[in-house]
Amino acid sequence: MREVMDLEVFATAEEAGARVADLAAQQVENFPRSVLGLATGSTPIPIYEGIVRHVRAGRITLAQVTTFNLDEYVGLGPDDPHSFAFYMRQHLFGPLALNPAQTFMPPNQGPDLKTRAPSYDRLIEGRGGIDWQLLGIGRNGHIGFNEPGTPFDSETHIAALSDSTRRANAPWFDNDWDRVPRQAVTMGLATIMRSRAIVLAAFGEDKADALAQAFRGPLTPEVPASVLRSHPSVVVIADRAAARLLAPSRGAYPV
Ligand code: PGA
């Protein structure tokens, strides 16, 4: 087990986000039919801006990729502005005019959701598995919506969101954390770990503790991101504030 993943630290979230966008572009340039695992939240915004820039500059096209999002709130339709489906159309799929048939979100509505949720893993496997997975990290060490205590062998499932996560996501709901849904469907930790390559992005001071616990503390379901230390291909891209408690191992250190 490695003490810390490949780590690259940048002065600002914008620079770090541009680096992640470069890595995504490299993946798609080398393998135009890549299956990409995508994330939502504030972290991917500069990343998706960078990807859109690469496409507009003609460096890459996403015309042949397939995408699978990590998670989605239970019960929100795709036209609900709080849904991650809406977010993805706003930040990436819309600007790039991706064919909706290329883009998948976890099932999040309708009856029998609990039994239907794991079918997402089969859908992913049917497309050959995820080649390149983008992750953020929660202040409590979650990845996707796998909250502390989620078993490492979990597949896509319905997750109850912790108060900490609901408070962190309140800014998307007019700062009213009561309005943040209580459940989401999320890829499980086993689903994420089956990805061939993983890039975890962490920006801002309030991610420093979670990063340190994940990559310096014990390997434990209490810190879901710690599972990544047993994955063979993980790169952590952080800004200086988020990496404050981690000593760089290798990579670019332009700070
Ligand atoms: P954020 O969320 O990018 O909005 O900070 C990350 C996460 O909770 O995984």
Side-chain angles (χ1 to χ4, degrees), residues 5 10 12-21 24 37-51 68-74 76 81-88 90-92 105-106 133-150 154 156-157 159-175 177 179-189 191-193 195 198-215 221-228 234-244:
M5 302 299 113
F10 293 84
T12 65
E14 286 65 34
E15 290 169 47
R19 171 63 175 151
V20 180
L38 299 179
T40 52
S42 54
T43 307
I45 289 177
I47 298 170
Y48 294 152
E49 285 171 357
I51 293 175
F68 286 93
N69 265 80
L70 269 175
D71 45 24
E72 178 62 287
Y73 290 122
V74 167
L76 299 192
H82 296 112
S83 71
F84 293 151
F86 190 96
Y87 169 106
M88 291 307 299
Q90 186 179 18
H91 293 285
L92 192 69
M105 305 296 295
Q133 175 69 57
L134 173 64
L135 296 177
I137 184 169
R139 290 149 189 78
N140 62 1
H142 75 201
I143 47 176
F145 274 131
N146 292 284
E147 300 284 38
T150 307
S154 50
T156 299
H157 63 281
L161 305 190
S162 67
D163 287 354
S164 140
T165 295
R166 293 179 62 233
R167 285 183 202 277
N169 288 355
W172 302 90
F173 292 82
D174 299 324
N175 287 316
W177 74 286
R179 290 176 51 204
V180 180
R182 290 171 187 276
Q183 291 186 315
V185 176
T186 181
M187 284 187 197
L189 294 172
T191 320
I192 292 169
M193 288 292 282
S195 310
I198 296 174
V199 176
L200 183 143
F203 309 149
E205 160 66 31
D206 57 354
K207 299 297 175 68
D209 277 341
L211 268 193
Q213 283 191 40
F215 297 113
E222 291 313 312
V223 184
S226 68
V227 73
L228 298 174
V234 175
V235 179
V236 177
I237 308 287
D239 67 3
R240 195 160 37 188
R244 187 171 59 84

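One-based numbering, in listed order, for ligands and for the atoms of each. Start at 1 with the first residue, then count along the sequence.
- Between His142 and ligand 1, at least one pair of N/O atoms sits closer than 3.5 Å.
- The closest protein non-hydrogen atom to atom 3 (O) of ligand 1 is Thr43 OG1, 2.5 Å.
- The aromatic rings of Tyr87 and Tyr48 sit perpendicular, their planes meeting at an angle over 60°, well past the 30° parallel limit.
- Within 6.0 Å of CZ on Arg182 lie no more than 12 heavy atoms contributed by other residues, nucleotides or ligands.
- For atom 4 (O) of ligand 1, the nearest non-hydrogen atom of the protein is Ser42 N, 2.9 Å.
- Residues Ile137 and Ala202 approach most closely at CG2-CB, 3.9 Å, considering heavy atoms.
- Between Phe173 and His82, the two ring planes are parallel [angle under 30°; tilted spans 30° to 60°].
- At a heavy-atom distance under 4.0 Å, no atom of Thr165 approaches ligand 1.
- In the vicinity of Lys207, heavy-atom distances shorter than 4.0 Å reach the ligand 1 atoms 1 (P), 5 (O), 6 (C).
- Nearest approach of Ser42 to Trp172, heavy atoms of both residues: N-CZ2, 3.6 Å.
- Among all protein heavy atoms, the one lying closest to atom 6 (C) of ligand 1 is Ile137 O, 3.6 Å.
- For ligand 1 and Gly136, the ligand atoms under 4.0 Å from any heavy atom of the residue are 9 (O).
- Counting all heavy atoms, side chain and backbone alike, Ala168 lies closest to Arg139 at CB-NH1, 3.6 Å.
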